[in-house]
Amino acid sequence: MYNMYKYTKNEVADVKRIAIIPNQTKDINYEYTKRLCRFLCGKAQPVMERGGPEITGVCYTDGSVYDGADAVIVLGGDGTMLQAAEPCGINGIPVMGINLGKVGFMTEVETADMEQACRKLLDDDYTVEKRMMMEVIINFSNGGSSRHIALNDAVIYKPGARMLEMELYANDEKVSEYMADGLIISTPTGSTGYSLSAGGPVADPTVELFIATPICAHTLSARPMLMSEKKRITLKLTDKGCETAVVTVDGEDKCRVGLQDRVEVRRSEHYLSIIKLGKQSFYYTMMAKL
């Protein structure tokens, strides 16, 4: 089990190269992005991908903005954080979220506190909360496969009007059958996302487990289920419902699957490191925003 711990000067070098991930839709005219970069310039090296706003002192890269980054700052909502989760998790880069969205479970820094939060980041005056991630492997009947890393969830849902019938397995042991519009397999972090809106439970994001939540189930006995993170979760369609379905990973459609295909979910070896500044706990955010 991973928990929150304190960075010290001996553990982490001075944070100097900071990748900036803006959200053009939420940050009109890049107002907050420009303000952030103006503050960082001279104190650190902000890095952005080309195609964003032209800001003096910012280093623009044609490659991955995550290469060589000491930290990542995301300006947006939880959706923008999800976009950065996979590269940050794989590369072990801590990420700080500045909330330009409505809820902000992961983007805890408000714009009024942006400069103060950056000072703490530059001074290594923060903790890191490790969030469990999942690996989603889609095995196709033709022998092909695709792999994805997710922070929130993997969802299998119907592409048309017919319902799905799905079977859920844990380590090859059949756990349940669902007649529903879809099924969500989420991490504790994802428990406050799509899973919550479908009637799933809220989980402390520092625990490790999987949550299976049916979407609009057609049976009264269908309920969300908690499963050990040590299990290998497998989903497959049956021929009693729609014979094709769409698989999404952290909200992005990845592919269609059929009766002979299998969707596997397991705990990833990677964790997302979220920078915490000691101002808000998960329970405070839950009480304030749910």
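Throughout, residue positions are numbered sequentially from 1 according to the sequence presented.
Residues Arg232 and Arg266 are in side-chain contact: their nearest non-hydrogen atoms beyond the backbone lie under 4.5 Å apart. Looking at heavy atoms from C-beta onward, Asp70 lies out of side-chain contact with Ile18 at the 4.5 angstrom threshold. Thr206 places none of its side-chain heavy atoms less than 4.5 Å from the side chain of Pro188. Looking at Glu49 and Ile21, their side chains never come closer than 4.5 Å, going by heavy atoms from C-beta outward. Under the 4.5 Å side-chain criterion, counting only non-hydrogen atoms from C-beta, Pro205 is in contact with Glu129. Side chains of Tyr126 and Leu121 form a contact here, defined as non-hydrogen atoms less than 4.5 Å apart. Side-chain atoms of Lys254 and Glu252, non-hydrogen and from C-beta on, do get closer than 4.5 Å to each other. Under the 4.5 Å side-chain criterion, counting only non-hydrogen atoms from C-beta, Ile73 is in contact with Leu40.
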Please test Thr213 against Tyr178 for side-chain contact (heavy atoms from CB on, under 4.5 Å), starting from the C-alpha separation and ending with a verdict. CA-CA 10 Å; Thr213 307; Tyr178 295 96; over 6 Å; no
So Tyr30 and Met48, side-chain contact (heavy atoms from CB on, under 4.5 Å) or not? Walk me through it. CA-CA 13 Å; Tyr30 293 106; Met48 293 180 63; 5.5 Å; no
Check the pair Gln83, Asn23 against side-chain contact (heavy atoms from CB on, under 4.5 Å), reporting the backbone distance first and the verdict last. CA-CA 11 Å; Gln83 295 173 19; Asn23 183 315; 5.6 Å; no
Show the numbers, then the answer: is there a side-chain contact (heavy atoms from CB on, under 4.5 Å) between Glu167 and Thr238? CA-CA 7 Å; Glu167 294 177 339; Thr238 75; 3.6 Å; yes
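For the pair Ile215 and Ala180, the tightest heavy-atom approach, listed with the atom from each and the gap, is O-CB, 3.3 Å. Taking each heavy atom of Cys255 and Ile138 in turn, the nearest pair found is SG-CD1, 3.4 Å. Contact detail for Glu229 and Glu208: the closest heavy-atom pair is OE1-O, 2.9 Å. When all heavy atoms of Leu75 and Thr33 are compared, the pair lying nearest together is CD2-N, 3.9 Å. Scanning both residues, Met96 and Cys118, for their nearest heavy atoms gives CE-SG, 4.1 Å. The minimum heavy-atom distance between Leu237 and Val257, with the atom names listed, is CD1-O, 4.0 Å.
The environment of CD in Glu115 is crowded: more than 12 heavy-atom neighbours from other residues, nucleotides or ligands sit within 6.0 Å. In Asn29, the CG atom is not crowded: 12 or fewer heavy atoms of neighbouring residues, nucleotides or ligands sit closer than 6.0 Å.
To the nearest 0.5 Å, the span separating OG on Ser228 from CG on Asn171 amounts to 8.5 Å. Separating the SG atom in Cys88 from the CE atom in Met133 is a distance of 8.5 Å, to the nearest 0.5 Å. For the atom pair OH of Tyr32 and CD1 of Ile98, the computed distance is 10.5 Å after rounding to the nearest 0.5 Å. One distance of note links NZ of Lys236 with NZ of Lys174; it measures 7.5 Å at 0.5 Å rounding. Here the straight-line distance linking atom CD of Glu177 with atom NZ of Lys240 works out to 6.0 Å at 0.5 Å rounding. Atoms CE and CG, from Met106 and Leu82 in turn, are 4.5 Å apart once rounded to the nearest 0.5 Å.
Listed by first and then second residue, the side-chain hydrogen bond (donor to acceptor under 3.5 Å, both in side chains) pairs that reach into residues 58-67 are Arg50-Asp62, sequence neighbours excluded.
If you chain together hydrophobic residues whose side chains sit under 4.5 Å apart, Ile274 and Ile93 fall into the same group. A continuous path of Ile, Leu, Val, Met, Phe, Trp and Tyr side chains, each step under 4.5 Å between heavy atoms, connects Phe140 with Ile233, placing both in one hydrophobic cluster. Linking Ile, Leu, Val, Met, Phe, Trp and Tyr whenever their side-chain heavy atoms come within less than 4.5 Å puts Val249 and Met166 in one cluster. Hydrophobic clustering, with ILVMFWY side chains joined whenever heavy atoms are under 4.5 angstrom apart, groups Val65 together with Leu272. Both Leu100 and Leu36 are part of a single hydrophobic cluster, where members link through side-chain heavy atoms under 4.5 Å apart.
Formation of a donor-acceptor pair under 3.5 Å by the Arg35 side chain with backbone atoms of Thr111 is found in this model. Judged by distance alone, with hydrogens and angles left aside, the side-chain atoms of Ser141 form no donor-acceptor pair with the main-chain N or O of Gln260 at under 3.5 Å. Side-chain atoms of Asp113 never come within 3.5 Å of backbone atoms of Val109 as a donor-acceptor pair (strictly under, hydrogens ignored). Here the side chain of Asp153 pairs no donor or acceptor atom with the backbone of Val155 at under 3.5 angstrom. Looking at Asp250, its side chain does come within 3.5 Å of a backbone N or O of Leu151 through a donor-acceptor pair.
Using a cutoff of 4.0 Å between basic side-chain nitrogens and carboxylate oxygens, Arg262 and Glu264 are not scored as salt-bridged. In summary, Lys34 and Asp27 do not engage in a salt bridge, as defined by a charged side-chain N under 4.0 Å from a carboxylate O.
Side-chain contacts under 4.5 Å among hydrophobic residues (ILVMFWY), followed directly or transitively, place Tyr169 with no other residue at all.
There is a side-chain donor-acceptor pair under 3.5 Å between Ser273 and Lys130.
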